[in-house]
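Beneath this line is the structure, given in structure tokens, with notes to follow.
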2 protein chains.
Amino acid sequence: MNNKVKLPTYSISELAKEFEVTTRTIRFYEQQGLLNPARQGQTRIYSPKDRVRLMLTLRGKRLGFSLAESKELFDMYDSTTQGNEKQLLYMLDILSKKQADMRQQLSDIQRLQEELNIAESRCQDALVKVRQRDEKKASTQQRKVG
Amino acid sequence: MNNKVKLPTYSISELAKEFEVTTRTIRFYEQQGLLNPARQGQTRIYSPKDRVRLMLTLRGKRLGFSLAESKELFDMYDSTTQGNEKQLLYMLDILSKKQADMRQQLSDIQRLQEELNIAESRCQDALVKVRQRDEKKASTQQRKVG
DNA sequence: ATTTTCCTTTACGTAAACGTCAACCTTGAT
DNA sequence: ATCAAGGTTGACGTTTACGTAAAGGAAAAT
């Protein structure tokens, strides 16, 4: 194995820009135990692993995970290699619950998508009607003016 | 048309039970303009329309909509029948943004589902290994005892 | 009659996830 | 040398979505 490839690093503002969050957010996530950047003096140096975690945290947020939940999943996943039976069973339990959540969300989304489509059609229809009415008004005005 | 069919009504606690929320939540939603129950004296009487709105609000929440966003969608949808062109265009804009959000969420979910499956497999593997190890330990103990 | 039961309003409390200063290094450019 | 750009640690403020407790009305059961 080659453990000697130099991995890229990132500054806090680079990550902030890439993921469109503030540096405050990134520091807050560290404070909550989601990130663990190295230090060079005082300055934080982020590894690809940190970057992935940030990415996952943000995706988790979009899906309604709290920061605490994301942290729990990270921690469990990390300890999976040396976890004892009880921990592993607990993790499997959590995973199956999350999967159930995701199935629920999937169905929520699909239904909402349909409804948004319906609303859009209805809205388009209304728009056409408004425009037809306004055209009539305009032509009436024309006749007045002409 | 028959407008005279008697629609069912619901008490606040009936709705609370059905949707597994507190009455506090339901009153709060009303305060935020999401529900508009009739009154019988002081007591709130909920119509099927209120019930649907509650349902939609809760589904919205599961998908990361704020109460204000849900309210905006409700209000716009209600005013769609008599909306002017500007409003309709605005609504169409919102709708297309929401649809983009939903597409993003859909892809987020699908990726997360894959990852959860991978994590689950990995976890199952680890579990098997732990159990094999523990079996060996146990049989060693057996030999000591026997 | 009185005690539950269900409902009401008012109002203060709270947790999560940051925003927003303030006050301070450090380091490369001018 | 100084100054702007980016980094740091507090620490208090803010918004959202309710929780929780107080104080009480009305009606139904015992």
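Just so it is clear, the model here is predicted, and its values are computed rather than measured. Throughout, protein chains are lettered first and strands after them, A, B, ... in sequence-line order, and every chain is numbered starting at 1.
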Please state how far atom CZ in A/R27 lies from atom C1' in D/dA11, giving the value in whole angstrom units. 14 Å

Taking 4.0 angstrom as the limit, do A/R59 and B/E115 come out as a salt bridge? yes

What I want to find out is whether B/D101 reaches B/K97 closely enough, with some N-O distance under 4.0 Å, to be called a salt bridge. no

Under 4.0 Å, counting only non-hydrogen atoms across every strand here, what does A/S66 touch: a base, just sugar-phosphate, or nothing? sugar-phosphate

Closest heavy-atom pair and its distance - B/P8, B/P48: O-CD, 3.1 Å

Please state how far atom CZ in A/F65 lies from atom P in C/dA16, giving the value in whole angstrom units. 17 Å

Please determine whether a side-chain nitrogen or oxygen atom of A/S13 lies at a distance below 4.0 Å from atom OP1 or OP2 of D/dG7. yes

Does the side chain of A/Y29 get closer than 4.0 angstrom to OP1 or OP2 of C/dA17 through an N or O atom? no

On the six-membered ring of B/F65, is B/K71 placed so that its NZ or CZ lies under 6.0 angstrom from the centre and within 45° of the ring axis? no

Could you check how far CZ of B/F28 sits from P of C/dT14, rounded to whole Å? 17 Å

A/K71 has an atom NZ; how far is it from atom C1' of C/dA16, in whole Å? 16 Å

B/S11 side chain N/O closer than 4.0 Å to the phosphate oxygens (OP1, OP2) of C/dC6? no

What nitrogen or oxygen pairs link the protein and nucleotides 19-24 of chain C at under 3.5 Å?
unit_1 : atom_1 : unit_2 : atom_2 : d
C/dG19 : OP2    : A/T22  : OG1    : 2.6
C/dG19 : OP2    : A/T25  : OG1    : 3.4
C/dG19 : N7     : A/R24  : NE     : 3.2
C/dG19 : O6     : A/R24  : NH2    : 3.0
C/dT20 : O4     : A/R24  : NE     : 2.9

A/K129 bridged to A/E135 by N-O distance under 4.0 Å: no

As a quick check of understanding, evaluate salt bridge (Lys or Arg N to Asp or Glu O under 4.0 Å) for B/D78 and B/R53, giving each step before the final call. CA-CA 12 Å; B/D78 284 353; B/R53 281 205 167 201; 2.4 Å; yes

D/dT16 phosphate, OP1 or OP2: any side-chain N/O from B/K61 under 4.0 angstrom? no

Looking only at C/dC18, D/dA17, C/dC7, the nucleotide nearest the B/T43 side chain is C/dC7

Is the count of non-hydrogen atoms from other residues, nucleotides or ligands lying under 6.0 Å from B/Y90 atom OH greater than 12? no

C/dC18, C/dT8, D/dT8: which one has an atom nearest the side-chain heavy atoms of A/I12? D/dT8

Calculate the interatomic distance between B/L35 atom CG and C/dT8 atom P; express it in whole Å. 12 Å

